[in-house]
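A short worksheet on the structure shown next.
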2 protein chains.
Amino acid sequence: MDSKEMEVLQDYITQNNLKITKQRRAVLNVFLECENHVSAEELYKLVSEKEPKIGLATVYRTLALFTQSQLAHELDFGDGQKRYEHQFMHSHHDHMICTECGKILEFTHPLIEKFQEEVAARNGFTITSHKLHLFGICSDCR
Amino acid sequence: MDSKEMEVLQDYITQNNLKITKQRRAVLNVFLECENHVSAEELYKLVSEKEPKIGLATVYRTLALFTQSQLAHELDFGDGQKRYEHQFMHSHHDHMICTECGKILEFTHPLIEKFQEEVAARNGFTITSHKLHLFGICSDCR
DNA sequence: CCTGATTTTGAAAACTCTTTTCAAAATTTC
DNA sequence: GAAATTTTGAAAAGAGTTTTCAAAATCAGG
């Protein structure tokens, strides 16, 4: 009863002559369970609860693997540490970050995307990726 | 023949019981001369050419001072180091970053701003600041 | 199901960028 | 000018992340 994500990971691993290990399975399972945007340290703590012997370096390495295999997406909100969100079967979106409680809301706005393309084209620029972060106060914190 | 920016810095300094030093003047003058988005290290190198005795820590401290006094704006493009741009008398804008040559183009799009407010309001979110970075390839690199 | 080549692991060290510490030097105030 | 306070440069510390290295695990092929 492996998840689709586990299959993606296994495919990536075999296609790149890497090896499936219990650490990688464990980190993936814990990552899939957390619905929020986790940092490496946070994920490490969660993983440690189930598999106390797994080291922090392995979590970092495994997150890099997830990013390469498109299972995870790396986010940088400028607070000094990277965060990771699920990417497999999740469509593109932007983020609103509450600077009070740290909550992260996801959103998309088709017209914003459209105008981004427009302004890029006007400058002869081809967009490969973008990052839109709105910082502010969420409804709960007001 | 002090620049307006130098006056802003001096006002901020006196209003906060800080002290005007030749290091701070020197760093500001060099910062004002560079039109691109500089990192602390880059600015340190430029400053060193004119004032070799100024230390890196002083450049970091002075950039923090510029940020507090609204002379500079801190940017983080997610490449591991912060960059600084002039803020005094410069209006808000977003950035396009060429991942090939590192060139940074500035732009604004009133409708993008408007829709950001709209989507935030729809979620009960009050924006205090935002960050829109488009990564891609500029016209020169294609 | 061994065996051997290769990869992965955990722990610690290294690294990068930034901040802090501390005693000496500079600035401002009276 | 002298005293109180701030700033400085150099080095150490810090935070987050990556790398190193020897031991352990994985996985082909026989």
Side-chain angles (χ1 to χ4, degrees), chain A residues 6 9-28 30-31 37-69 72-84 102, chain B residues 6 9-28 30-31 37-69 72-84 102:
Chain A
M6 188 63 79
L9 181 63
Q10 292 182 350
D11 284 357
Y12 183 86
I13 283 178
T14 49
Q15 276 167 34
N16 290 80
N17 296 313
L18 304 177
K19 291 174 181 177
I20 295 165
T21 64
K22 53 176 152 313
Q23 289 92 336
R24 286 173 176 172
R25 288 166 174 283
V27 176
L28 180 54
V30 174
F31 177 61
H37 301 69
V38 284
S39 65
E41 200 80 36
E42 283 164 1
L43 187 58
Y44 168 63
K45 280 187 191 127
L46 291 169
V47 167
S48 295
E49 292 171 15
K50 299 200 170 182
E51 297 284 344
K53 298 217 196 81
I54 292 182
L56 179 57
T58 297
V59 173
Y60 272 105
R61 284 184 284 228
T62 309
L63 279 169
L65 193 60
F66 293 170
T67 303
Q68 289 158 33
S69 60
H73 188 231
E74 201 175 80
L75 297 169
D76 183 353
F77 295 133
D79 64 341
Q81 58 181 19
K82 291 173 187 163
R83 281 159 212 285
Y84 297 83
Chain B
M6 188 63 78
L9 181 63
Q10 291 183 350
D11 284 356
Y12 182 86
I13 283 178
T14 49
Q15 277 166 34
N16 290 80
N17 296 314
L18 304 176
K19 292 175 179 175
I20 295 164
T21 64
K22 55 177 151 315
Q23 288 90 337
R24 287 174 174 171
R25 289 167 174 282
V27 176
L28 180 55
V30 174
F31 177 61
H37 300 70
V38 282
S39 65
E41 200 81 37
E42 283 165 1
L43 187 57
Y44 169 64
K45 280 188 190 127
L46 291 170
V47 168
S48 294
E49 291 171 14
K50 298 199 170 180
E51 297 284 343
K53 297 216 198 83
I54 292 182
L56 178 57
T58 296
V59 173
Y60 272 104
R61 285 185 284 231
T62 308
L63 280 169
L65 193 62
F66 293 171
T67 304
Q68 289 157 34
S69 59
H73 188 232
E74 201 175 80
L75 297 168
D76 183 353
F77 295 134
D79 65 341
Q81 59 181 18
K82 291 174 186 160
R83 281 160 210 285
Y84 297 83

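Note that this is a predicted model, so its numbers are computed, not measured. Letters go in sequence order (proteins before strands), and every chain restarts at 1.
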Can you check whether [X] has a side-chain N or O nearer than 4.0 Å to OP1 or OP2 of [N]?
X	N	value
Lys22(A)	dT9(C)	no
Gln23(A)	dA25(D)	no
Thr21(A)	dT9(C)	yes

Quiz item: [X] side-chain donor-acceptor pair to [N] base, under 3.5 Å:
X	N	value
Lys82(A)	dT17(D)	no
Lys19(B)	dT5(D)	yes
Arg25(A)	dT26(D)	no
Arg83(A)	dT17(D)	no

What is the distance, to the nearest angstrom, from the [atom1] atom on [X] to the [atom2] atom on [N]?
X	N	atom1	atom2	answer
Leu56(A)	dT18(D)	CG	C1'	11 Å
Ile13(A)	dA28(D)	CD1	P	12 Å
Glu51(A)	dT9(C)	CD	P	12 Å
Asp76(B)	dA15(D)	CG	P	19 Å
Lys53(B)	dA26(C)	NZ	P	10 Å
Tyr60(B)	dT16(C)	OH	C1'	9 Å
Glu74(A)	dT17(D)	CD	P	9 Å
Gln10(B)	dT28(C)	CD	C1'	14 Å

If you compare all heavy atoms of [X] against all heavy atoms of [Y], which two are closest, and at what distance to 0.1 Å?
X	Y	answer
Tyr44(A)	Leu56(A)	CE1-N, 3.4 Å
Gln10(A)	Ile20(A)	CG-CD1, 3.8 Å
Arg24(B)	Leu65(B)	NE-CD2, 3.6 Å
Ser69(B)	Tyr12(B)	CB-CG, 3.4 Å

Which of these nucleotides, dA11(C), dT18(C), dT17(D), is closest to any side-chain atom of Arg61(A)?
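Among the listed nucleotides, the one closest to the side chain of Arg61(A) is dA11(C).
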So which nucleotide from dT18(D), dC27(D), dC17(C) ends up closest to the side chain of Ile20(A)?
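Output: dC27(D).
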Taking only residues at least two apart or on different chains, which pairs with a member in residues 75-84 of chain B satisfy side-chain hydrogen bond (donor to acceptor under 3.5 Å, both in side chains)?
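side-chain hydrogen bond (donor to acceptor under 3.5 Å, both in side chains) check on residues 75-84 of chain B returns Glu74(B)-Tyr84(B), Asp79(B)-Arg83(B).
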Taking any heavy-atom pair under 4.0 Å as a contact, classify Arg24(B): base, sugar-phosphate, or nothing.
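Arg24(B): backbone/sugar contact only, no base atoms under 4.0 Å.
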Most 5' of Gly55(A) and Glu41(B) on DNA chain C, judged by nearest nucleotide
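Its nearest nucleotide being more 5', the pick is Gly55(A).
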